[in-house]
Structures are given as C-alpha cells and as structure tokens.
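Report on one structure; see the data block that follows.
Side chains are part of it too, since the values below use all heavy atoms of this structure and drop only hydrogens, waters and symmetry mates. Within every chain, numbering begins at 1; the chains are lettered A, B, ... in the order of the sequence lines, protein sequences first and strands thereafter.
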Amino acid sequence: MLDLKFLRENPEEVKKAFLSRGLEFEVGDLLALDEKRRRILGEVEGLRSYRNRVSREFAKAKFEDKEFLVEKEKIREISEKISHLEKELSQIEEEIENTLLNLPNLPHSSVPIGKDETENQLIRSWGKKRDFSFEPLPHWEIGKILGILDFERGAKLAKSRFTVSMGAGAQLERALIQFMLDLHTKEHGYVEVWPPLLVNSQTMTGTGQLPKFGEDMFFCSEDGLYLIPTAEVPLTNLHAGEILDGNQLPLKYTAYTPCFRREAGSYGRDTRGIIRQHQFNKVELVKITKPEQSYDELESLVGDAEEVLKRLELPYRVILLCTGDLGFSSAKTYDLEVWLPGENTYKEISSCSNCEDFQARRAKIRYKEGQAGKPRLVHTLNGSGLAVGRTVAAILENYQEADGSVIVPEVLRPYMGGLKKIVSRES
RNA sequence: GGAGAGAUGGCCGAGAGGUUGAAGGCACUCGCCUGCUAAGCGAGUAAGGGGGUUUAAAGCCUCCUUCGAGGGUUCGAAUCCCUCUCUCUCCGCCA
C-alpha cells in the first residue's frame, strides 16, 4: 500500500512511477479527499475534546443543578453533531483505503523503464545448453512415454490443467521438495514452516492478492477462506500486526506448499504439459528485513534460488523485470528462467521480489530498535526456491535420452532411493 | 454440532458507569549503591492519527482514538445491552 504522506509530499513522483507501470492515475482526487478527511477530523476532535472536558466536570457536579441540565442538553446536541461527522469521516476513510488498496507498488529506481516483458533486462546466464544427438521432446511427451504424467485422468478427476503424477513422476516431486527444503534450511539458514493452505481475506489483503485479484483464487464461500496461490501469503503474514525486535531481523522462512490458482484469463497460454496448472507444488522463500538491508537480501535470495538450479545442473538465466512487467506488490523483481530444450525456450521457474514496505503497511508488520524509537515498517521479500512442477518439466527435458528414458540428476538420487534412470513404467 | 467460562499494556493480573491510558507484579532501560554476582534505592517503558515547532528527520508541545471486533444506551463506557470472532473446559463426532 502506498504511503499517503509520501503521496501528499511527492504527487508528481508518484504519478510518474505509476505511468512507468502503464497505469494512468490522477492523484488529485485522492489528495482532495485526504484534505477533506483531515479537515473533518480536526473538527471532530475539537468537539470531542470539548465534550470530554465538560463530561469530566460533570463527575464533580450536583446532578440536580439547573446549570447541569442546560449544559447536558447542549452536550447532547454536540454528540449528535459528532456522530454525524464521524459517519462522513468513516465514509471518506473507506474511500481512501479502497483507492490505496487497489494501487500497485512504486518501482525501485534501479528497475529499468519499459512497457512489457520485451524490455526486461538479461542480468546473467548460467550453465551450458546440452547438445542433443536427437530431437529433444517436450516434457509432456516424455511424461506420457514413461507413464509418469497422466493428463487425461487429471482432467477426469478434476478438470483441465490438473495432472496426475505416477510412479517415478510422483517420486520426483517429493524428492525435489525434500532436496530444496534441505538446501534452504541446512545451508541457507531458513526456518521451515508448514502453514495453513486456506487463509482468510485479511491475510490475502496483507500480501496484495485482495481486493484486486480475488478472481485468480479458489474461494470457499461457506467458510470465507481462500486456497493460497503461493506460500508467500501465509509466510509473509505470519507476523501481521506484530512489532518485531530489530535484533531478530532478518527473519528467513521457507515452506513447501501446494499452490492453487484459477488461471482465469490465461486461456491458450501453456495449455500443454505441466507448466501452468491449477494446483502445483512450490518451495517458497520469504524474508522479513530492515529497510536498509532489503536490497542486499534480495540479491542473496536470488542466489539461494539459483543454487537449486546449479546443483540440479539445469541451465538458466536471470532476468530483471522492467517497470511494465512488474507484479502488483513488487518494487523490484528478478525472474529465474530455466532452459527447456524440448520447447526450445526459457521458462520462468522462480520470481524473486522485494516488496519494500508495500505489504508491511497492509499487514502492519513493524519492528522496533531496542527500547527507544518509533516502530518502523519492515521490508518483505519473497521468491520461489523453486516451482517444483516446472523443475520436473525441466529435468525431463534436459535429462532425456534417445530411448525416452530420463537420467536422474545426481543430487536427487539419494532422495529417489538411489534411482539413476527413469524408464518406462508398465501401466 | 451441544453446554459452560473467558478475551485488559511486552507478559501476568486488578478494575463492575465519572480526573483509569488503565492499580500491583514480572520483564526491560537509565541512574545510584555495592570486591563481583544477587539484593536494594530512584526514574522511566503501548500503539495509531491530526495540528504545532523544525530546512528535514529525531525530539518536544498539544488534541483525538484504542481495554478481542462491530453496533447500542448515557452528559460520560474497560465497566451496562446486542451481534460477531477467537481461546479454554466438558459432551458428541473424527484422521
């Protein structure tokens, strides 16, 4: 959420920042509303102050005095006026809140200006694309040949964009989750969390999914709960409403969770394979930091995610998103894109963002340095470390052999009972 | 799902219509005292918002709000009434 004070003092800067995201927003109305709010607030407070003072005197007064009765009537009228103004005030405040909740974050100054993904910046590439002596297949073909990915039965059980993983396919998901969690907890210092997969609307508002993106989520209306689209939601909101001890920052959390997305409006994109599913596994990384350390922490967060790809020996590149491609809550985002030889393309497999105080302001996550001083908003960061389904796809495509079998990456073998090669399953 | 009890500051806990933003304790901070430690003595320690002061921040001054959330009664509500949420105990159900 945008800081109203910042907007008040830098209206032109804010306008320009939104424009760089492709959002035309007239700040004038909001500022006028804010001015009106402060005017009425001043009036209400003055009246309340008067009422409080007189009421306190009543405590000592004789209740039968004529003066008391007259004054009492007067205060009654003032109270009516107050409640009238309060109603107006809360309407204005709601309108302001509503507007602010629907505005995206401001891009960081290091983010390149650009209108869409074509203007994203390549930061670095890693790994060598393998030379195939045969035509590499896309992962859905390999999955079918091996009998480890079943799209028809997924659609039968639920609907399209649901897939059943069988045998080594299911095992591969589990092995990857275990491998990633072990890496992040044992070597990168993250605390493992197993959070609720259903959360309430307040939590969804804290990280920015609501009110704007309700359509993208599965919602259980009976209970007012949403299925999480990413573990970023419960992890970041863990400390919602809290004032943390500055000495404990940064906090680093990791969680494996299934993620649920309705993918409304993505018809026709990635319709084949397991790249875009309604339900997928992901290991998420979240950091809660002081403002002055958040950009260093973003770099190391990206490194933590990259390490997974390096150990799996999957070629990838790091992309810095331009202003026009930036997510709603993010001030700066790096995407990791893994090489998919079967589809001859790079595909996003991780997205690492610094949300600065955007989510912290919504979720009221603050910290205090020692005894003295005011609470300050923390910065929140999140990144995939990694999307598990897409990692499976990348392994199938990068490690495929001419006979249709797939070599198991070395680091995963201990997690697969020593399995070195996935061969066709007798179905 | 049924019955009952409860929700107060960083924590524990008093408070039952009127200078109570809230006794007391614990914890913490600063000072004093003391070979060290412990104890003792003194002072202090909630958050949000508006306005003022300041180049700005910090700080300071001032006002308002907040005792789970929302609404009501009243000149005045932590205290009375209603609704909701959550926690605990017992019963039922259940992996």
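In this model, the phosphate group of rU65(B) is approached by a side-chain N or O of N52(A) to a distance below 4.0 Å at OP1 or OP2. Proximity of R38(A) to the phosphate of rG51(B): a side-chain N or O atom is located under 4.0 Å from OP1 or OP2.
Residue-level contact check: R376(A) touches neither bases nor backbone, having no heavy atom under 4.0 Å from any strand. K364(A) comes within 4.0 angstrom of no nucleic acid atom, judged by non-hydrogen atoms across all strands. Using a 4.0 Å heavy-atom criterion, one finds that R53(A) contacts no nucleic acid atom at all.
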Could you go through nucleotides 76-83 of chain B and list every protein N or O atom that sits under 3.5 Å from one of its N or O atoms, giving the distance for each pair?
from: rG76(B); atom 1: OP1; to: S79(A); atom 2: OG; distance (Å): 3.3
from: rG76(B); atom 1: O4'; to: S55(A); atom 2: OG; distance (Å): 3.3

Per-pair distances, 0.1 Å, donor-acceptor, side chain in residues 192-221 of chain A, under 3.5 Å, sequence neighbours excluded:
from: N200(A); atom 1: OD1; to: Q202(A); atom 2: N; distance (Å): 3.3
from: N200(A); atom 1: OD1; to: T203(A); atom 2: N; distance (Å): 2.9
from: N200(A); atom 1: OD1; to: T203(A); atom 2: OG1; distance (Å): 2.9
from: T205(A); atom 1: OG1; to: S201(A); atom 2: O; distance (Å): 2.7
from: T207(A); atom 1: OG1; to: T203(A); atom 2: O; distance (Å): 3.4
from: T207(A); atom 1: OG1; to: Q209(A); atom 2: OE1; distance (Å): 2.8
from: T207(A); atom 1: OG1; to: N237(A); atom 2: ND2; distance (Å): 3.4

What pairs of donor and acceptor atoms, side-chain ones from residues 378-396 of chain A against any protein atom, are under 3.5 angstrom apart with sequence neighbours left out?
from: H379(A); atom 1: ND1; to: S294(A); atom 2: OG; distance (Å): 2.8
from: T380(A); atom 1: OG1; to: Q359(A); atom 2: OE1; distance (Å): 2.7
from: N382(A); atom 1: ND2; to: E232(A); atom 2: OE2; distance (Å): 3.3
from: S384(A); atom 1: OG; to: S351(A); atom 2: N; distance (Å): 3.1
from: R390(A); atom 1: NE; to: I275(A); atom 2: O; distance (Å): 2.9
from: R390(A); atom 1: NH1; to: E348(A); atom 2: O; distance (Å): 2.7
from: R390(A); atom 1: NH2; to: I275(A); atom 2: O; distance (Å): 3.1
from: T391(A); atom 1: OG1; to: A387(A); atom 2: O; distance (Å): 2.6

Side-chain donor-acceptor pairs under 3.5 Å in residues 409-420 of chain A, sequence neighbours left out?
from: R413(A); atom 1: NE; to: V408(A); atom 2: O; distance (Å): 2.9
from: R413(A); atom 1: NH2; to: V408(A); atom 2: O; distance (Å): 3.0
from: Y415(A); atom 1: OH; to: D182(A); atom 2: OD2; distance (Å): 2.7

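Checked against ring-ring contact (aromatic ring centres under 6.0 Å, His included), F162(A) has the following partners two or more places apart in sequence or in another chain: H278(A). By the ring-ring contact (aromatic ring centres under 6.0 Å, His included) test, Y367(A) is found to be paired with no residue, residues two or more places apart in sequence or in another chain being considered.
In this structure, of rC63(B), rG48(B), rC75(B), it is rC75(B) that holds the atom nearest to the side chain of F58(A). Taking every side-chain heavy atom of R76(A) into account, rC75(B) is the closest of rA46(B), rG50(B), rC75(B).
For the contact set between residues 199-212 of chain A and RNA chain B, defined by any heavy atom under 4.0 Å, there are no members. Within residues 89-101 of chain A, no residue places a heavy atom under 4.0 Å from RNA chain B.
If you check the side chains of T163(A) and Q277(A), you find a donor sitting under 3.5 Å from an acceptor.
For residues 294-306 of chain A, the pairs satisfying salt bridge (charged side-chain N to carboxylate O under 4.0 Å, His left out) are R124(A)-E306(A), K287(A)-E297(A), with sequence neighbours left out. Residues in residues 99-116 of chain A take part in these salt bridge (charged side-chain N to carboxylate O under 4.0 Å, His left out) pairs, two or more places apart or across chains: K115(A)-E119(A). Screening residues 140-167 of chain A for salt bridge (charged side-chain N to carboxylate O under 4.0 Å, His left out) gives D150(A)-R153(A) as the qualifying pairs, with residues at least two apart or on separate chains.
Base pairing in RNA chain B yields stems of at least 3 consecutive Watson-Crick or G-U pairs, both distances under 3.5 Å, namely B:1-7 with B:85-91, B:10-12 with B:24-26, B:27-32 with B:40-45, B:46-53 with B:59-66, B:68-72 with B:80-84.
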